[in-house]
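Working notes, structure below.
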Amino acid sequence: MSEHHTAICPGSYDPVTNGHLDIITRTATVFEHVIVAVVDQPLRKGKTLFSADERKAFLDDAIEGLGLEHVEVETFSTLLVDFARDHGATAIVKGLRAISDFEYEFEMNQLNRKLAPDIESVYVMASPEYSFLSSTGVKELATFGGDVSDLVPTMVADQLAKRIQRP
Ligand code: ADP
């Protein structure tokens with residue numbers, strides 16, 4: 001596999017949503033090899049609801065269900081650009097929803113570019129049906145017994161109900 005065709009899709013995926021899967025699927029149509037990189041302990045989002053292994057298991061299951069054979073999932077706890085370099089990736093792919101994502105991504109882009117000018121960040125625009133879908137929103141809905149079955153894979157919906165739904 002040519003190293004010029006590996007992309008990393010990083011995120012906390014706490015938990016994976018159909019919006020994430022849309023970005024991963026579309027990335028897989030452009031790159032020969034995609035590594036979904038699950039941040040072990042995200043700084044920005046604080047403590048996660050699901051452990052890194054649980055978040056990876058949700059992704060593994062969903063990706064297998066989609067039949068995406070050239071997509072793999074790994075957890076990581078190092079600098080993203082180091083992880084990308086170690087895996088021979090030349091691109092970091094991020095999904096962009098509303099304007100609110102842009103400011104943060106713009107800042108991260110400058111930092112990553114300074115650390116690793118050889119790795120390009122690529123942005124995929126959210127599909128309209130997922131533009132307002134976030135892991136945080138899904139967790140909030142699930143807490144109050146809202147139906148999240150259209151927003152996340154079945155396995156995730158089941159586990160959310162078990163883990164956080166208030167009686
Ligand atoms: P979240 O912001 O939902 O907690 P992550 O930190 O796991 O998500 O994000 C991983 C990547 O997926 C980021 O690039 C984020 O912008 C993108 N992303 C998250 N949800 C969506 C969505 N509904 N549509 C498109 N991209 C998304």
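We count ligands from 1, going down the list as the structure has it; atoms in each ligand are counted the same way. Worth saying up front: this structure is predicted, and the values here are computed from it rather than measured.
With a 4.5 Å cut-off on side-chain heavy atoms, Ile92 and Glu120 do not count as touching. Side-chain contact between Val36 and Tyr13: present, with at least one pair of heavy atoms (C-beta onward) separated by less than 4.5 Å. Taking 4.5 Å as the limit, every side-chain heavy atom of Ser12 sits out of range of all side-chain heavy atoms of Val38. Looking at heavy atoms from C-beta onward, Thr154 lies out of side-chain contact with Ser149 at the 4.5 angstrom threshold.
The shortest N/O to N/O separation between His20 and ligand 1 falls below 3.5 Å. Residue Tyr13 has at least one N or O atom closer than 3.5 Å to an N or O atom of ligand 1.
Numbered from 1 in the order shown, with element, the atoms of ligand 1 that lie under 4.0 Å from a heavy atom of Gly11 read 7 (O), 10 (C). Residue Asp101 has at least one heavy-atom neighbour below 4.0 Å for each of these atoms of ligand 1: 16 (O). Counting atoms of ligand 1 from 1 in the listed order, those under 4.0 Å from a heavy atom of Ser134 are 3 (O). Every atom of ligand 1 is numbered from 1 in the order shown, and the set under 4.0 Å from a heavy atom of Ser12 is 5 (P), 6 (O), 7 (O). Atoms of ligand 1 found under 4.0 Å from any heavy atom of Tyr130, numbered from 1 in the order shown, are 22 (C), 23 (N), 24 (N). Distances below 4.0 Å separate heavy atoms of Ile23 from the following atoms of ligand 1: 25 (C), 26 (N).
For the pair Ser131 (side chain) and Arg97 (backbone), a donor-acceptor distance under 3.5 Å is absent. Checked by atom type and distance alone, the side chain of His33 never pairs as donor or acceptor with a backbone atom of Ala7 at under 3.5 Å.
Within 6.0 Å of atom CD in Gln41, 12 or fewer heavy atoms from other residues, nucleotides or ligands are found, so the atom counts as exposed in its surroundings.
When non-hydrogen atoms are compared, ligand 1 lies under 4.0 Å from the backbone of Leu133 as well as from its side chain.
The heavy atom nearest to atom 3 (O) of ligand 1, considering only Ser100, Ser135, Gly95, is found in Ser135.
Under 4.0 Å is where a charged nitrogen must lie from a carboxylate oxygen, and between Asp118 and Arg85 at least one such pair does.
A single hydrophobic cluster is seen to contain both Tyr130 and Leu59, as judged by linkage of ILVMFWY side chains at heavy-atom distances under 4.5 Å, directly or through other members.
For atom 6 (O) of ligand 1, the closest non-hydrogen atom of the protein is Lys45 NZ, 2.4 Å. Closest to atom 24 (N) of ligand 1, if we only count protein heavy atoms, is Ala126 CB, 3.5 Å. In terms of protein heavy atoms, atom 21 (C) of ligand 1 is closest to Arg97 CD, 3.5 Å.
Judged by the shortest distance from any of its heavy atoms, Pro10 lies inside the 4.0 Å radius around the atoms of ligand 1. Put simply, no part of Thr136 is less than 4.0 Å from ligand 1, judged by heavy atoms.
With respect to Thr17, the side-chain contact (heavy atoms from CB on, under 4.5 Å) criterion is satisfied by exactly one of Val152, Val156, Ile23: Val152.
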